[in-house]
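These notes concern the structure reproduced below.
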Amino acid sequence: MSNIRHALTARRADDFAQWYQEVISAADLAEESGVRGCMVIKPWGYGIWERIQRLLDDRIKATGHENCYFPIFIPLSNFEREAQHVEGFAKEMAVVTHHRLIADGEGGLIPDPEAKLEEPLVVRPTSETIIGDAMARWVQSWRDLPLLTNQWANVVRWEMRTRMFLRTTEFLWQEGHTAHADEAEAREHTLRMLEVYRACAEDDLALPVIAGEKPENERFPGAVETWSIEAMMQDGKALQAGTSHYLGTNFSEAANINYQDREGQQALCHTTSWGVSTRMIGGIIMVHGDDDGLRVPPRIAPWQVIILPMLRDKPEDAALLEYCEGLRAKLAGRSALGEPVRVLLDRKPGKAAAKRWDWVRKGAPIIIEVGSRDMDAGTVSFLRRDRLWADNGKPDFSAPAIEAAAEDVPHLLEEIQAELFRQAEERREANITRGLDSFDAVAEFFTSNGKYPGWVEVQWSKPTGAELDKIVERLKSLKLTIRNVPSQSAAADAACIFTGAPATERILLARAY
RNA sequence: CGGGGAGUGGCGCAGCCUGGUAGCGCAUCUGCUUUGGGAGCAGAGGGUCGCAGGUUCGAAUCCUGUCUCCCCGACCA
């Protein structure tokens with residue numbers, strides 16, 4: 001441990017925030033853009049997003065949705081229709097007021113006062129209102145329901161404090177919007193999509209999550225119920241990795257989404273919306289990253305296997321490349337985790353040993369180095385990113401025969417996928433504390449439990465309104481938030497830690513991103 | 001938005017207090033050597049010192065404004 005020369009300089013245990021940023025630049029995921037809170041997502045980072053998109057898009061379509069695209073500009077007045085919604089988003093909306101620039105006479109450009117928009121346009125922070133307009137047109141009869149739509153888009157929220165991937169001014173996401181004939185079906189759909197997110201997070205991104213309902217104070221503006229999946233980062237903080245909302249008839253009333261039912265009566269639709277964003281990538285970094293950089297779960301790795309020939313800039317290189325190309329072709333013809341293996345033969349000039357560390361930092365799951373000695377012996381030098389270091393403090397290479405390596409890669413990728421999930425889940429379980437039976441015990445726990453205290457699960461009587469507000473204030477003094485009411489947790493059997501009344505459910509308390 | 005810190009070749013930094021025309025390490029390029037584990041030596045290229053004003057004979061350095069980033073807070077699906 002001590003004399004390992006890690007690929008990063010920052011350490012998770014010392015300065016988690018600095019480590020996080022170093023991973024982003026060292027793994028070549030993204031960089032700053034010069035515009036406040038906006039980032040350039042580089043090929044490796046965007047490649048990961050494309051993988052997430054593809055896998056999640058399949059899941060969304062498999063549950064009956066169709067993709068659409070709605071405009072990025074929304075008339076300001078659309079937002080005025082739903083009171084909670086306006087209140088929630090008014091503070092963070094970017095507004096377009098002009099459609100032309102003119103010279104200011106001093107070499108610069110200014111918005112042309114003559115080209116002022118009659119009604120300002122808002123850059124969408126989310127699309128409930130504009131999609132609601134469309135739904136009102138598209139839904140006429142009970143036969144049009146349910147209406148199941150989704151869009152992949154960018155949105156803008158003018159946040160006070162931004163962080164790469166976790167909270168950026170502009171971010172990429174998917175937002176699903178559905179309309180249903182009745183409440184029961186809409187509520188059921190809200191949970192169905194939450195389950196899609198859970199499966200995507202756990203099975204595709206190897207992120208263990210806890211699904212549950214958000215408390216009243218954490219609801220999406222305009223929602224009747226908000227549900228989330230919460231993931232634990234390596235510093236013990238929580239990250240809301242996806243949300244699903246039952247919107248009741250709030251948006252239907254605002255946009256007149258109604259239909260004629262079987263009896264010929266007009267009725268309001270019940271709607272839902274749900275989304276996950278590029279924030280997921282921040283979660284992947286903070287759950288799977290280590291002191292050598294990122295570790296990308298095989299299912300979402302743009303390249304799962306990197307072949308690095310040990311080129312010597314000599315005529316023998318041709319034979320070595322041929323040997324490597326044979327391996328590449330063999331691997332590319334195999335499948336793992338239900339898809340063809342994604343394998344890159346990295347022919348770029350440079351020493352394999354130096355390039356290896358670039359791929360370690362990027363987190364490619366398997367790195368195969370091949371030199372002339374391997375070729376002569378019919379072997380390769382094989383390295384797993386999830387088991388990088390041997391006990392001697394050096395990279396833990398194995399030397400399988402080339403055929404055996406080609407044979408093993410698919411199940412090794414499956415094993416790495418499972419191993420990343422297992423490690424994350426084990427860490428999370430080790431860092432959820434249960435059984436604290438008073439607010440004082442919680443306070444004591446969080447003030448005396450070091451830098452990364454994790455989460456606690458406590459019982460409460462689900463207070464509402466002003467009583468809840470007071471509790472939220474008390475929690476704030478400990479920098480804690482109520483994450484959600486885990487759907488899977490056991491029934492309550494004790495007293496509420498806030499009110500002393502008999503508890504009705506269990507909640508997770510954590511510091512959060 | 002409040003408090004604190006910072007912006008100097010691709011990356012990391014020194015220089016700033018005490019103004020005199022820009023330097024180090026890594027990376028890059030060339031050559032030679034080396035060749036199975038993040039190569040060595042020599043040479044070279046690359047910077048309007050975030051941006052805009054001001055003070056001054058002269059500004060990376062002093063003053064003002066502004067933009068961006070980081071940390072803490074407030075805020076936040």
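No hydrogens, no waters, no symmetry mates; every other heavy atom, side chains included, goes into these values. Protein chains get the first letters and strands the later ones, always in sequence-line order, with residue 1 at the start of each.
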Quote, to the nearest angstrom, the [atom1] distance that separates [N] from [M].
{"N": "rC67(B)", "M": "rC51(B)", "atom1": "C1'", "answer": "7 Å"}
{"N": "rG9(B)", "M": "rC24(B)", "atom1": "P", "answer": "14 Å"}
{"N": "rG40(B)", "M": "rG23(B)", "atom1": "P", "answer": "25 Å"}
{"N": "rA44(B)", "M": "rA52(B)", "atom1": "C1'", "answer": "35 Å"}
{"N": "rC72(B)", "M": "rU35(B)", "atom1": "P", "answer": "50 Å"}
{"N": "rG47(B)", "M": "rU8(B)", "atom1": "P", "answer": "15 Å"}
{"N": "rC49(B)", "M": "rG12(B)", "atom1": "C1'", "answer": "16 Å"}
{"N": "rG46(B)", "M": "rU55(B)", "atom1": "C1'", "answer": "33 Å"}

| field | Test applied, salt bridge (charged side-chain N to carboxylate O under 4.0 Å, His left out); reference residue, Asp290(A); option that passes from Arg385(A), Arg12(A), Arg11(A) | value |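 It is Arg385(A), the one option of Arg385(A), Arg12(A), Arg11(A) that forms the salt bridge (charged side-chain N to carboxylate O under 4.0 Å, His left out) with Asp290(A).
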Does [N] have a Watson-Crick or wobble mate here (both distances under 3.5 Å), and if so which one?
{"N": "rU35(B)", "value": "none"}
{"N": "rG9(B)", "value": "none"}
{"N": "rA74(B)", "value": "none"}
{"N": "rC17(B)", "value": "none"}
{"N": "rU66(B)", "value": "rG50(B)"}
{"N": "rG43(B)", "value": "rC29(B)"}
{"N": "rA22(B)", "value": "none"}
{"N": "rU55(B)", "value": "none"}

| request: Identify, between Gly275(A) and Ser381(A), the residue whose nearest nucleotide on RNA chain B lies closer to the 5' end. | output: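 The residue mapped nearer the 5' terminus is Ser381(A).
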| task | Please state whether the rings of Phe171(A) and Trp173(A) are parallel, tilted or perpendicular, taking 30° and 60° as the class boundaries. | result |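 If you compare the ring of Phe171(A) with that of Trp173(A), the planes turn out perpendicular.
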Which pairs, protein N/O on one side and nucleotides 68-72 of chain B N/O on the other, fall under 3.5 Å?
residue, atom, partner, partner atom, Å
rC69(B), OP1, Gly37(A), N, 2.6
rC69(B), O3', Glu32(A), OE2, 3.4
rC70(B), O3', Gln21(A), OE1, 3.1
rC72(B), OP2, Arg161(A), NH2, 2.4

Distance in angstrom units between [X] [atom1] and [N] [atom2], rounded:
{"X": "Leu308(A)", "N": "rG36(B)", "atom1": "CG", "atom2": "C1'", "result": "13 Å"}
{"X": "Gln84(A)", "N": "rC76(B)", "atom1": "CD", "atom2": "P", "result": "13 Å"}
{"X": "Asn392(A)", "N": "rG36(B)", "atom1": "CG", "atom2": "P", "result": "18 Å"}
{"X": "Phe220(A)", "N": "rC76(B)", "atom1": "CZ", "atom2": "P", "result": "14 Å"}
{"X": "Asp28(A)", "N": "rG10(B)", "atom1": "CG", "atom2": "P", "result": "16 Å"}
{"X": "Trp173(A)", "N": "rC76(B)", "atom1": "CH2", "atom2": "P", "result": "17 Å"}
{"X": "Arg511(A)", "N": "rC76(B)", "atom1": "CZ", "atom2": "C1'", "result": "19 Å"}
{"X": "Leu320(A)", "N": "rG36(B)", "atom1": "CG", "atom2": "P", "result": "13 Å"}

By the 4.0 Å heavy-atom rule, please label [X] as base, sugar-phosphate, or nothing.
{"X": "Thr126(A)", "result": "nothing"}
{"X": "Glu92(A)", "result": "sugar-phosphate"}
{"X": "Ser228(A)", "result": "nothing"}
{"X": "Pro221(A)", "result": "sugar-phosphate"}

| query | Can you tell which of rG36(B), rU35(B), rC76(B) lies closest to the side chain of Arg312(A)? | reply |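 Output: rU35(B).
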| Of the nucleotides rC76(B), rG36(B), rA39(B), which one has an atom closest to the side chain of Ala354(A)? |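 Nucleotide nearest to Ala354(A)'s side chain: rA39(B).
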Name the pairs: protein N/O against N/O of nucleotides 46-51 of chain B, kept only if under 3.5 Å.
none

Atom of [X], atom of [Y] and distance for their closest heavy-atom approach:
{"X": "Gly350(A)", "Y": "Lys355(A)", "result": "O-CE, 3.9 Å"}
{"X": "Arg483(A)", "Y": "Pro215(A)", "result": "O-CD, 4.0 Å"}
{"X": "Gly282(A)", "Y": "Leu166(A)", "result": "CA-CD2, 3.8 Å"}

Do you see a donor-acceptor pair shorter than 3.5 Å between the side chains of [X] and [Y]?
{"X": "Ser273(A)", "Y": "Glu128(A)", "answer": "yes"}
{"X": "Gln151(A)", "Y": "Ser127(A)", "answer": "yes"}
{"X": "Thr226(A)", "Y": "Glu218(A)", "answer": "no"}
{"X": "Trp460(A)", "Y": "Glu505(A)", "answer": "yes"}

| message | Quick check with a 6.0 Å cut-off and a 45 degree axis cone: is Arg474(A) positioned over the face of Phe439(A)'s six-membered ring? | response |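 Ring-cation test returns yes.
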| Does the ring of Trp44(A) carry Lys42(A) above it, NZ/CZ under 6.0 angstrom from centre and within 45° of its axis? |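 Output no; distance or angle outside limits.
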| query | With ring centroids as reference points, do His189(A) and Tyr246(A) lie under 6.0 angstrom apart? | reply |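 So the answer is no for these two rings.
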| query | Would you say a side-chain N or O of Lys476(A) is under 4.0 Å from OP1 or OP2 of rC75(B)? | reply |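 So the side-chain polar atoms of Lys476(A) do come within 4.0 Å of the phosphate oxygens OP1 or OP2 of rC75(B), strictly under.
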| query | Any donor-acceptor pair under 3.5 Å between the side chain of Thr9(A) and the base of rG12(B)? | reply |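 Donor-acceptor pair under 3.5 Å: no.
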